[in-house]
Every structure is written in structure tokens, then in C-alpha cells.
Amino acid sequence: MNNYFDYLIVGSGLFGSIFAYEATKRGKKCLVIDKRSHTGGNIYCENKDTINIHKYGAHIFHTNDTNIWNYINQFSKFNNFINSPIANYHGEIYNLPFNMNTFSKIWNIRTPQEAFDIINKQKSIISTIPKNLEEQAISLVGTDIYEKLIKGYTEKQWGRDCKSLPPFIIKRLPVRYTYNNNYFNATYQGIPIGGYNKIINKLLNNIEVKLNTDFNLYRNIFSTISKKIIYTGSIDSYFNYKFGALDYRGLKFKTYKLDQNNYQGVAVMNFTDKDTPYTRIIEHKHFEFGNQPITYITKEYPSNWKIGDEAYYPINDDRNQKLYKKYFNLAKLENNIIFGGRLGEYKYYDMDQVINSALKLVTKELN
Ligand code: FAD
Ligand code: UDP
């Protein structure tokens, strides 16, 4: 069995599946393993009563990169879903991302100039370059919106005070002085018609896949069966946490079938107060404009992560970046393993960034 495969790919998420597909296309022999009971990693959907349930949280594809859009469209066409989530603060409803609809509702104003003047006044308490998420948020949208729509949500989501989180997290969200509720500033956006599994199934078609197989439990076998390993699990788990564990944020999902056709009127509702224990409720049918007589909703609860739990979000603060660098340097010393994807690279990647990273590796490794 020694070096029987060209590549062992650990993880059948988007990164691993794209690499496996491109390598196989170039005549390489690949084996994909995954510790879960299904392929697709976090984009996996479970179909129930004709509704695709986003098992690991709402996934909306968006990108500004035409090459990536064309690449993923080879595997599925996309619908015209535009993410326009609603913020619910103790029952008060606001539009997201922060835009003229939000400003108008919160301050009873109408013009961009009025909004600009209020935000300018409120943000004057921050006079230096923002050092943390709180300062960054206030300097983008002022104190009122920070208090109602950011502080509670963020502290639940990350389990930390906004003063000890990096500013870049909040810069993911657009702030607009127009009446535009599109959550993303993206040229291309949508949900794959027929669901995400269709994409993964096409990528892995004709490739050997072993599910329920944790690399770290069968390391002795799996370290020797291929010339190279592509590892998309967490980099610190591969090295058995020898410098200590990186921090991650965990999540728990609770899904309910409801005997009604429309529960909340929107795919994603964010609960931005600190007392509601979940951050979001997803109503899955709205991603695909479903008109079934029943509906499925999922409540998303952030949770503390410990070794053995699924790691959902890397926490890219200074301490963790330094620790990651140590693992990264250690990885460079190994010549037959490459780390990739959200966990392998410890980056807060969206799907388009994962595709970009996988295709870069393909160019480097296989062309
Ligand atoms: P993953 O999908 O995590 O796949 C890694 C795979 O490796 C998993 O299947 C895992 O089981 C397997 N694995 C790990 N360790 C081992 C091991 N030791 N042995 C065997 N198998 C192993 N992106 C967007 O673009 N839009 C969104 O709206 C969006 N929403 C998101 C919402 C949530 C709640 C989360 C958590 C992420 C969201 N993302 C979104 C990000 C998106 O999920 C990722 O960018 C993408 O799925 C990462 O792909 P990946 O292959 O790197 O990792
Ligand atoms: N955020 C917030 N209020 C919201 C939505 C988002 O404060 O209603 C903040 C929060 O800190 C979050 C960050 O913006 O972590 C990025 O939000 P995004 O929706 O991009 O997070 P993801 O979908 O990756 O969980």
C-alpha cells in the first residue's frame, strides 16, 4: 500500500473536493477521507420534505471574482437569492447591513446627510485608529447602532468582550448611505439550484471517498499510503496540539419542523440582544423561494470550543496568529504535507476565498 495514491486528501469540504477533482482531472490517483458521515464539510445540506437544510449554518455564495464565479458555475447554476437579513433587537426590527433603512428606523430620519451628521457626532469619541472591534464599530456607525445591533450579537458570537476582538471582523459588513439591504458588496451572489451537495457530488464523482474516518485515529495507516497529503482539518490537531491548541469558536444547531408555511418571512434573522441565547434563526426554504406547506427553522447557538468539538470559526487575534505562525513554520519543515482551507490555513475564509486558495494550490502543485 506504500505510496499507492498520489494524494491523500483529508477533508471532503470545498477545499479538499476541489483539489481532488483537479488532481484527478490531471491523471493523479486520489483518496479522500472525512471524519464526518457525509461529504461537503460545512456546506453540506440535508434535504427534508424537499427543503435543503443548511446543516452547518446559512451559506450564501458571493464573490467579486469572475473567474471564481465561472469556475463554480461549471458545477451548478445559481438562483438569484440576495441575502437581506433582518436584525431583531428585543422585538424591534431593523434592516441589515447598516444602511439608510437602518438609520431611518433608528433615528426617524430620511436623508443621507442627517445620518452622516449623527454618525459623525457619535463617532467623535474615537480619535485614534481603531485598535479593537468596539472602536472600529463606533467609528463606522456610531454608538446607538453599536449598542443595539453590534455589541450583544458580537459578544455572544465570539464569547468575548468587543474590546478584545480584532477590528477586521466588523469590517466584513458594508455600511451604506443608500437604501440598499443587500448584505454583501458582491458582483455575483446566489444559492446553487438544487443545493450545495450537487456541487460536491460532481467534484467527487469517480473519486474514492472514505467517510467516518478520522486521519488522526488511523495516522499510522494513512501517513504511508500516498506520496503527498492535503490536510484540510485544523493544523494544530495534525501536530497533536504540541504548542497548545489554537482558539476556535464552536456552534450548536437546533432544527425544528413547523407546521406552517412561513415562520419569519426571511431566510436569516439575527438576534442582536445579549439575552437571547442564539445569534440567528435560519428559515431554510427562503433560500430557494420554497412554497411548501411546512417549514424548517434552525437556531444557531455560539459555544465555547474545546478539543474534540467541531471548530467553526478561527479566532484571529494576536495570540492566535502568533501560535498559528509556529505551526505554520513547523509545517514548512514537512515535505509531503500541505495544509489548506479554513482550518488548515486558520483563516476566516468565505467559500469564494476557499476556492481561490484551492485553485492557487492546484496551479502550484499540479501545473
Ligand atoms: P470545511 O468545510 O470545514 O471542511 C473540512 C473537512 O475536513 C470537514 O468535512 C471535516 O469533517 C474534515 N476533517 C477535519 N479534520 C479531519 C480529520 N482529522 N480526519 C478526517 N476529516 C477531517 N462562506 C460563504 O461564502 N458564505 C456564507 O454565507 C458562509 N456562511 C457560513 C456560516 C457558518 C456558520 C460557517 C461556520 C461558515 C460559513 N461560511 C460561509 C464559510 C464556509 O463554510 C467555508 O469557507 C468553507 O465551507 C470552508 O471549506 P473547507 O473545505 O476549508 O473546510
Ligand atoms: N455583526 C453584528 N451584528 C449583526 C451581524 C454581524 O455585530 O447583526 C458582526 C459580528 O461581530 C460578526 C461580524 O459582524 O461576527 C461579521 O458578520 P458576518 O455576518 O459576516 O458573520 P458570519 O456570517 O461569518 O458569522
Side-chain angles (χ1 to χ4, degrees), residues 8-19 32-44 54-63 83 85-89 94 96-98 102 133 136-137 141 145-146 148-158 160 162 165-166 168-174 183-184 186 189 191 196 200 210-219 222 230-235 237-238 248-251 253 268-272 279-280 282 287 298 300 302 310-314 339-345 347-355 357-358:
L8 169 74
I9 294 143
V10 180
S12 64
L14 203 47
F15 191 100
S17 299
I18 287 178
F19 188 86
V32 177
I33 62 169
D34 204 296
K35 63 182 180 180
R36 298 187 191 175
S37 60
H38 58 74
T39 57
N42 288 341
I43 69 173
Y44 171 73
H54 295 211
K55 270 292 257 194
Y56 303 97
H59 277 77
I60 301 112
F61 193 88
H62 56 95
T63 187
N83 194 26
I86 293 293
N88 181 327
Y89 176 75
Y94 296 96
L96 292 171
F98 312 118
T102 331
L133 194 149
Q136 182 67 65
V141 289
I145 290 180
Y146 171 67
K148 283 193 166 181
L149 303 185
I150 299 176
K151 188 173 167 31
Y153 184 96
T154 300
E155 292 184 350
K156 282 193 290 192
Q157 165 75 355
W158 296 99
R160 296 182 179 198
C162 286
L165 284 164
F168 84 89
I169 293 176
I170 196 73
K171 281 166 93 179
R172 285 168 60 85
L173 302 190
Y183 197 63
F184 301 114
Q189 180 172 178
I191 302 289
Y196 287 96
I200 296 290
K210 277 190 191 305
L211 297 174
N212 303 305
T213 306
D214 187 332
F215 175 86
N216 294 321
L217 295 181
Y218 304 100
R219 198 178 268 260
F222 286 115
I230 308 293
Y231 194 89
T232 74
S234 54
I235 187 165
S237 72
Y238 176 81
Y248 300 91
R249 196 67 181 140
L251 290 173
F253 299 98
V268 182
M269 189 173 285
N270 291 0
F271 291 79
T272 60
T279 46
R280 311 188 247 216
I282 311 304
F287 289 122
T298 298
E300 184 175 319
E310 286 294 350
Y312 287 101
Y313 291 93
F339 292 87
R342 213 184 208 209
L343 299 175
E345 297 174 61
K347 291 210 173 89
Y348 191 174
Y349 275 156
D350 283 325
M351 289 180 273
D352 59 327
Q353 296 166 306
V354 166
I355 296 172
S357 173

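Order of appearance sets the numbers: ligands from 1, and atoms from 1 within every ligand.
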(message) As a check for students: among Val32, Leu14, Val354, Asn216, identify the option with a heavy atom nearest to atom 48 (C) of ligand 1.
(response) Val354
(request) Would you tell me which option among Phe19, Phe215, Tyr313 has the nearest heavy-atom contact to atom 33 (C) of ligand 1? (result) Tyr313
(message) Suppose I only count heavy atoms of Gly41 and a 4.0 Å limit; which atoms of ligand 1 are within that range?
(response) 2 (O), 4 (O), 8 (C), 9 (O)
(message) Only heavy atoms of Gly11, strictly under 4.0 Å: list the atoms of ligand 1 that pass.
(response) 6 (C), 7 (O), 12 (C)
(request) Please answer whether the main-chain N or O of Thr279 pairs with a side-chain N or O of Gln157 as donor and acceptor at a distance below 3.5 Å. (result) no
(request) Can you pull out the closest protein heavy atom to atom 47 (O) of ligand 1? Residue, atom name and distance to 0.1 Å, please. (result) Ile43 CG2, 3.6 Å
(message) Any nitrogen or oxygen of Leu149 lying under 3.5 Å from a nitrogen or oxygen in ligand 2? Just yes or no.
(response) yes
(message) Looking at Asp350 and Asp352, would you say the former's side chain and the latter's main chain have a donor-acceptor pair under 3.5 Å?
(response) no
(message) If we count only non-hydrogen protein atoms and require a distance under 4.0 Å, does atom 53 (O) of ligand 1 qualify as touching the protein?
(response) no
(message) Please report whether ligand 2 has a polar contact with Tyr153, defined as an N or O pair separated by less than 3.5 Å (distance criterion only).
(response) no
(request) Looking only at protein heavy atoms, identify the closest one to atom 16 (C) of ligand 1 and say how far it is in Å. (result) Lys35 CD, 3.8 Å
(message) Would Arg342 pass as a cation-pi partner of Tyr312, given that its NZ or CZ must be under 6.0 Å from the six-membered ring centre and within 45 degrees of the axis?
(response) no
(message) On a heavy-atom basis, I'd like to know which of Arg280, Lys151, Arg249 is closest to atom 23 (O) of ligand 2.
(response) Arg280
(message) Please list the nearest protein heavy atom to atom 30 (N) of ligand 1 with its residue and the distance rounded to 0.1 Å.
(response) Ala58 O, 2.9 Å
(request) Tell me, please: is Phe61 in heavy-atom contact with ligand 1, that is, under 4.0 Å? (result) no
(request) Would you kindly check if the NZ (Lys) or CZ (Arg) of Arg172 is within the cone defined by 45 degrees around the ring axis of Tyr348 and under 6.0 Å from the six-membered ring centre? (result) yes
(request) Among all protein heavy atoms, pick the one closest to atom 3 (O) of ligand 1 and tell me residue, atom and distance. (result) Asn42 ND2, 3.6 Å
(message) So if I count the atoms of ligand 1 from 1 in the order they appear, which ones are less than 4.0 Å from some heavy atom of Tyr349?
(response) 41 (C), 44 (C), 45 (O)
(request) Determine, using heavy atoms of Tyr231 and all atoms of ligand 1, whether some pair is separated by less than 4.0 Å. (result) yes
(request) May I ask you to test the Asn270-Tyr94 pair for a side-chain heavy-atom distance under 4.5 Å? (result) no
(request) Indicate yes or no for a side-chain donor-acceptor contact from Lys171 to the backbone of Ala137 under 3.5 Å, with no hydrogens or angles considered. (result) no
(request) May I ask you to check whether Ile60 has an N/O atom sitting below 3.5 Å from an N/O atom of ligand 1? (result) yes
(message) Under a 3.5 Å distance rule, please check whether Thr272 uses its side chain to pair with a backbone N or O of Lys148 as donor and acceptor.
(response) yes
(request) May I ask you to check whether Asn270 has an N/O atom sitting below 3.5 Å from an N/O atom of ligand 2? (result) yes
(request) Check the pair Phe339 / Tyr238 against ring pair (Phe, Tyr, Trp, His ring centres under 6.0 Å), numbers first and verdict last. (result) CA-CA 10 Å; Phe339 292 87; Tyr238 176 81; 5.4 Å; yes
(request) Measure from atom 19 (O) of ligand 2 to every heavy atom in Phe271, Tyr94, Tyr183, Tyr89 and give the option owning the shortest one. (result) Tyr183
(message) Could you identify the single nearest non-hydrogen protein atom to atom 21 (O) of ligand 2 and state the distance to 0.1 Å?
(response) Tyr348 OH, 3.3 Å
(message) So, regarding Phe15 and ligand 1 (criterion: nitrogen or oxygen to nitrogen or oxygen, under 3.5 Å), is there a contact or not?
(response) yes
(message) Checking the side chain of Thr213 only, and the main-chain atoms of Leu211 only, is there a donor and an acceptor separated by less than 3.5 Å?
(response) yes
(request) Give the C-alpha distance, both sets of side-chain angles, the deciding distance and a yes or no for side chain to side chain contact (heavy atoms under 4.5 Å, CB included) between Leu149 and Thr102. (result) CA-CA 10 Å; Leu149 303 185; Thr102 331; 3.7 Å; yes
(message) Using a 3.5 Å distance criterion without hydrogens, assess whether the side chain of Ser17 forms a donor-acceptor pair with backbone atoms of Gly13.
(response) yes
(message) For atom 18 (N) of ligand 1, what is the closest protein heavy atom, and at what distance to 0.1 Å?
(response) Asp214 OD1, 2.9 Å
(request) Can you pull out the closest protein heavy atom to atom 11 (O) of ligand 1? Residue, atom name and distance to 0.1 Å, please. (result) Asp34 OD1, 2.7 Å
(request) Pull out every atom of ligand 1 sitting under 4.0 Å from any heavy atom of Tyr56, numbered as shown with elements. (result) 33 (C), 34 (C)
(message) Check for me whether Thr213 has a heavy atom closer than 4.0 Å to any atom of ligand 1.
(response) yes
(message) Students should be able to answer this: which protein heavy-atom is nearest to atom 35 (C) of ligand 1, and at what distance?
(response) Arg342 NH1, 3.9 Å
(request) Answer yes or no: is there a side-chain heavy-atom contact under 4.5 Å between Tyr183 and Val268? (result) no
(message) Is Tyr238 close enough to touch ligand 1? Criterion: a residue heavy atom under 4.0 Å from a ligand atom.
(response) no
(request) Using atom types as modelled and distance alone, determine if a side-chain donor or acceptor of His54 lies under 3.5 Å from a backbone N or O of His59. (result) yes
(message) I'd like to know if the side chain of Ser237 pairs up with that of Tyr231 as donor and acceptor (distance under 3.5 Å, no hydrogens or angles considered).
(response) yes
(message) Heavy-atom contact check, 4.0 Å cutoff: does Lys148 meet ligand 2?
(response) no
(request) Would you check if the side chain of Thr232 reaches a backbone N or O of Val10 as a donor-acceptor pair within less than 3.5 Å? (result) yes
(request) Tell me which protein heavy atom sits closest to atom 38 (C) of ligand 1, plus the residue, atom name and distance to 0.1 Å. (result) His59 NE2, 3.2 Å
(request) Check Glu155 against ligand 2 and report side chain, backbone, both or neither, counting heavy atoms closer than 4.0 Å. (result) neither
(request) For residues Phe287 and Ala58, report the shortest heavy-atom separation together with the two atoms involved. (result) CZ-CB, 3.6 Å
(request) Give a yes-or-no answer on whether the side chains of Arg36 and Asn42 include a donor-acceptor pair shorter than 3.5 Å. (result) yes
(request) Kindly confirm or rule out an N or O of Glu300 lying under 3.5 angstrom from an N or O of ligand 1. (result) no
(request) Examine the proximity of ligand 2 to Thr272 and report which part, side chain or backbone, both or neither, has a heavy atom under 4.0 Å away. (result) side chain
